[in-house]
Peer 1: 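Following this message is one structure expressed as structure tokens.
Each chain gets a letter, A, B and so on, in the order its sequence line appears, and its residues count up from 1.
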There are 4 protein chains.
Amino acid sequence: MSTPSTPTHRKTRADAERNRARVLKAARRLFHEHGDAVQMPEVARAAGVGVGTVYRHFPSRQALIAAVADQRFGEIAEYARTTCLHEPGRGLLLYLRHVGEVLAADQRLSAVIEATLGATAPQGEARAQLEEAVSSLIARDQAAGAIRADLTVGDVYMLVGGLSATIRVGSGDWRRFIELACDGLRSRGPR
Amino acid sequence: MSTPSTPTHRKTRADAERNRARVLKAARRLFHEHGDAVQMPEVARAAGVGVGTVYRHFPSRQALIAAVADQRFGEIAEYARTTCLHEPGRGLLLYLRHVGEVLAADQRLSAVIEATLGATAPQGEARAQLEEAVSSLIARDQAAGAIRADLTVGDVYMLVGGLSATIRVGSGDWRRFIELACDGLRSRGPR
Amino acid sequence: MSTPSTPTHRKTRADAERNRARVLKAARRLFHEHGDAVQMPEVARAAGVGVGTVYRHFPSRQALIAAVADQRFGEIAEYARTTCLHEPGRGLLLYLRHVGEVLAADQRLSAVIEATLGATAPQGEARAQLEEAVSSLIARDQAAGAIRADLTVGDVYMLVGGLSATIRVGSGDWRRFIELACDGLRSRGPR
Amino acid sequence: MSTPSTPTHRKTRADAERNRARVLKAARRLFHEHGDAVQMPEVARAAGVGVGTVYRHFPSRQALIAAVADQRFGEIAEYARTTCLHEPGRGLLLYLRHVGEVLAADQRLSAVIEATLGATAPQGEARAQLEEAVSSLIARDQAAGAIRADLTVGDVYMLVGGLSATIRVGSGDWRRFIELACDGLRSRGPR
DNA sequence: AATGAATGAGGGTTCATTCAT
DNA sequence: AATGAATGAACCCTCATTCAT
């Protein structure tokens, strides 16, 4: 009757989408604050919906956590695209630092992700985004002669996994981890 | 009623010690085989004792797992002492490889340790041993000019943590992780 | 506000009727295939309507199942009327066999009916039809001297209930059940 | 300390056995009174034990119900052995009547059994006992010329299933069911 | 010192039904 | 009349730990 392209349907769907977002947001906050102790009904309450709604959008606790993880990785990819990419020669470094900062601000959530998914790596939609972003970063830095020519996206994944673990368990200063990763353990020959 | 001298007592203590060892061995095997699914009564059964006995020796599941972890680290320290130490210039490298091999052969156990203790690092008795061994390794390699002068035991801990995570979650080829850790990401200038 | 004549109205009613039929058909198929595991939303999906529509026509799951059951009994009554009735002296036997065949082809649905309604007997509209049909059958067979004079519709109901259970749980060969029901357990005297 | 042949162990085991019996008894009473509404924690409470204990003895709700069903069948078998067997010529009839009475006194429990196990027939240990008892009954009655020569245990099973359903759903007078089962539907010729 | 039966809080998930649109 | 997202009570089962024997 009014907006041609917006049938009555849309309204409902928009609400549903908003609920999904609310749940995700609530879950993220709760996991950040209370870690693994968070239960599904709590998430529902915090989001202002029933448990059923949580389960409608995320078929299992694991799926919810995966979605949270993916969201976080999406944001990191966004950062890689918008910021790191414009700093050839040190894009990868900036990327690693950003990851470090984000993870360090969210250790409990990381622990939940690790405990639930077995890994902290992106596994859903975000994976492709991230892969592409990091790929570009590497190419640009290599073009600038800043990083070794044989470095692959897989390598960076692996290192980020290590970085993530370092932060999560607090086994050391993560900035030092990045430093070592960049320069290596070996003593450099003169010059 | 009571046996005159100490024999009975001794006998008992020896039995207790043997039980402790049995439980530890059974636990290690079970965690290796079935990961986190292993329950305390199962451990008891496999060890041929009652649950109560398991709890007598290890006050909690966590304690049992810590003991298993420590045992493994003790063995690694032993290897560092007896083998790596005799290869100045590449002792640390050998150490890292050995750790990689041991962990790679035992991913499920590592996952249990991580899930339970929050880290894969030694926390009990083995910690001191390991610290000392690694310390020596570093010193010797540094003396040989093989590794950077500012490397500390803490750094190695941290890297081993990263290596451990890499192996546990299978996020990449752990030999490559070691390679990168040694040489760094940066491209090396000519010469 | 109101459509002048009846067309629009008719159209709507016809649609509604068609929806009811669709739902019923979908439900019958699904219960036949998946038994009690079928959920209301699944029925809706299979029928190509929303859950709300299912509930408009059948106020509860139980009501839906009752409707399915009644439909089936209506068909059986139809068979009694059109076929069995023309075979005086063995009409009841034919009837029992037909019931057996129908139920045997639909054990899962029968289980659902039993679990939901507490019985497999018709309870709605079909009851009257069936009662009348069976009544005629009995009368005709009795007239032919084929069955005992004191047999009532209630008796047949009861036996069909037993037959139904026999088939549903597979506790034996239902044809034998019918045979025993006809001839009894007692040994017949000479002649 | 006291009874020579009763080591400390026995005491514990006896207690466990008593608990098992208590749970069974409580379950039977509750199912009798409240049918399917009974939950595991309620059974535990009524038995004066924790849920865990219930689950130790009966690994699932279904197992508990199966045990209750078997117990009841065991009692029926006992009756067959001690009473029916001494009435050649009418043993089977007495048996059917007894089954009818027992089931009629316990419709709710029967409904639970049916809903849970899919059938009301004995499936565990009681099955063998019952089979043997009924077998003897049949043989003796046949020897007395009271029942048809081709009657098998399976036939009786099947009829008891039908009888059970009749009683459970109240689809008619179960005594009449027995009467019909014995005499058959067919009219008997003169003499 | 050893045993193992008992405990019981805890938690993820399902699904019939409602109701705003 | 139709839609389908939302609801939330209900429920079974697990398993680390305790403690009477």
Peer 1: Nearest whole angstrom, please: distance from the P of F:dA20 to the CZ of D:Arg18.
Peer 2: 15 Å
Peer 1: Under a 3.5 Å distance rule, please check whether B:Arg108 uses its side chain to pair with a backbone N or O of B:Glu33 as donor and acceptor.
Peer 2: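 Confirmed, B:Arg108 side chain pairs with B:Glu33 backbone.
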Peer 1: Measure across B:Val68 and B:Ala27 and return the closest heavy-atom pair with its distance rounded to 0.1 Å.
Peer 2: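 Closest heavy-atom pair between B:Val68 and B:Ala27: CG2-CB, 4.1 Å.
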Peer 1: Mind checking whether D:Arg56 and D:Asn19 have side chains closer than 4.5 Å, heavy atoms only?
Peer 2: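 A side-chain contact is absent here, since even the closest heavy-atom pair is not under 4.5 Å.
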Peer 1: Does the side chain of B:Asn19 get closer than 4.0 angstrom to OP1 or OP2 of E:dA2 through an N or O atom?
Peer 2: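 Yes.
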Peer 1: Among pairs that include at least one residue of residues 34-53 of chain C, which meet side-chain hydrogen bond (donor to acceptor under 3.5 Å, both in side chains), considering only residues two or more places apart or in two chains?
Peer 2: C:Asp36-C:Arg61
Peer 1: Closest approach of A:Arg29 and A:Ala46, non-hydrogen atoms and distance?
Peer 2: NH2-CB, 4.0 Å
Peer 1: Could you give the CZ-to-P distance, from B:Arg22 to E:dA2, as a whole number of Å?
Peer 2: 11 Å
Peer 1: Looking at every non-hydrogen atom in both residues, tell me the closest pair between D:Ala67 and D:Leu24 and how far apart they are.
Peer 2: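 Smallest heavy-atom distance, with atoms named: CB-CD1, 3.7 Å.
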Peer 1: Using a 4.0 Å heavy-atom cut-off across all strands, classify C:Val51 as base, sugar-phosphate, or nothing.
Peer 2: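 The answer is base, as C:Val51 lies within the cut-off (heavy atoms under 4.0 Å) of a base atom.
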Peer 1: Pairs counted as Watson-Crick or G-U wobble with both distances under 3.5 Å: what dot-bracket string results for DNA chain E, using | for bases tied to another strand?
Peer 2: .||||||||||||||||||||
Peer 1: What's the separation between atom CD1 in D:Ile113 and atom OG1 in D:Thr120, rounded to the nearest 0.5 Å?
Peer 2: 7.0 Å
Peer 1: Which of residues 36-45 of chain D sit near DNA chain E, with a heavy atom under 4.0 Å from it?
Peer 2: none
Peer 1: Please name the pair of heavy atoms, one in C:Ala26 and one in C:Val43, separated by the smallest distance, quoted to 0.1 Å.
Peer 2: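 The pair with the smallest heavy-atom distance is CB-O, 4.1 Å.
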Peer 1: Could you report the tightest heavy-atom contact between A:Phe73 and A:Ala126, atom names first, then the distance?
Peer 2: CB-CB, 3.9 Å
Peer 1: Which atom names give the shortest non-hydrogen contact between D:Val169 and C:Gly118, and what distance separates them?
Peer 2: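 Nearest pair, atom of D:Val169 first, then C:Gly118: CG1-O, 2.7 Å.
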Peer 1: For DNA chain F, find the residues of residues 53-64 of chain C with a heavy-atom distance under 4.0 Å and give them by number; none if there aren't any.
Peer 2: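 DNA chain F contact set from residues 53-64 of chain C: C:Thr53, C:Arg56, C:His57.
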Peer 1: Between B:Asp15 (CG) and E:dT3 (P), how many Å, whole number?
Peer 2: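 Nearest whole value for this atom pair: 10 Å.
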Peer 1: Taking side chain to side chain donor-acceptor pair (under 3.5 Å) as the test, write out the residues that go with B:His32, two or more places apart.
Peer 2: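 Per chain and number, B:His32 pairs via side chain to side chain donor-acceptor pair (under 3.5 Å) with B:Asp106.
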Peer 1: Using heavy-atom distances to pick each residue's nearest nucleotide on DNA chain E, tell me which of D:Val49 and B:Gly52 is more 5'.
Peer 2: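 Nearest nucleotide further toward 5': that of B:Gly52.
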Peer 1: Below 4.0 angstrom, which residues in residues 25-35 of chain B have at least one non-hydrogen atom near DNA chain F?
Peer 2: none
Peer 1: Between C:Glu114 and D:Glu114, is there a side-chain heavy-atom distance shorter than 4.5 Å?
Peer 2: yes
Peer 1: Taking the side chain as C-beta and beyond, is there a heavy-atom pair between B:Arg72 and B:Ser110 under 4.5 Å?
Peer 2: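 The answer is yes, as the side chains (C-beta and beyond) meet within the 4.5 Å cut-off.
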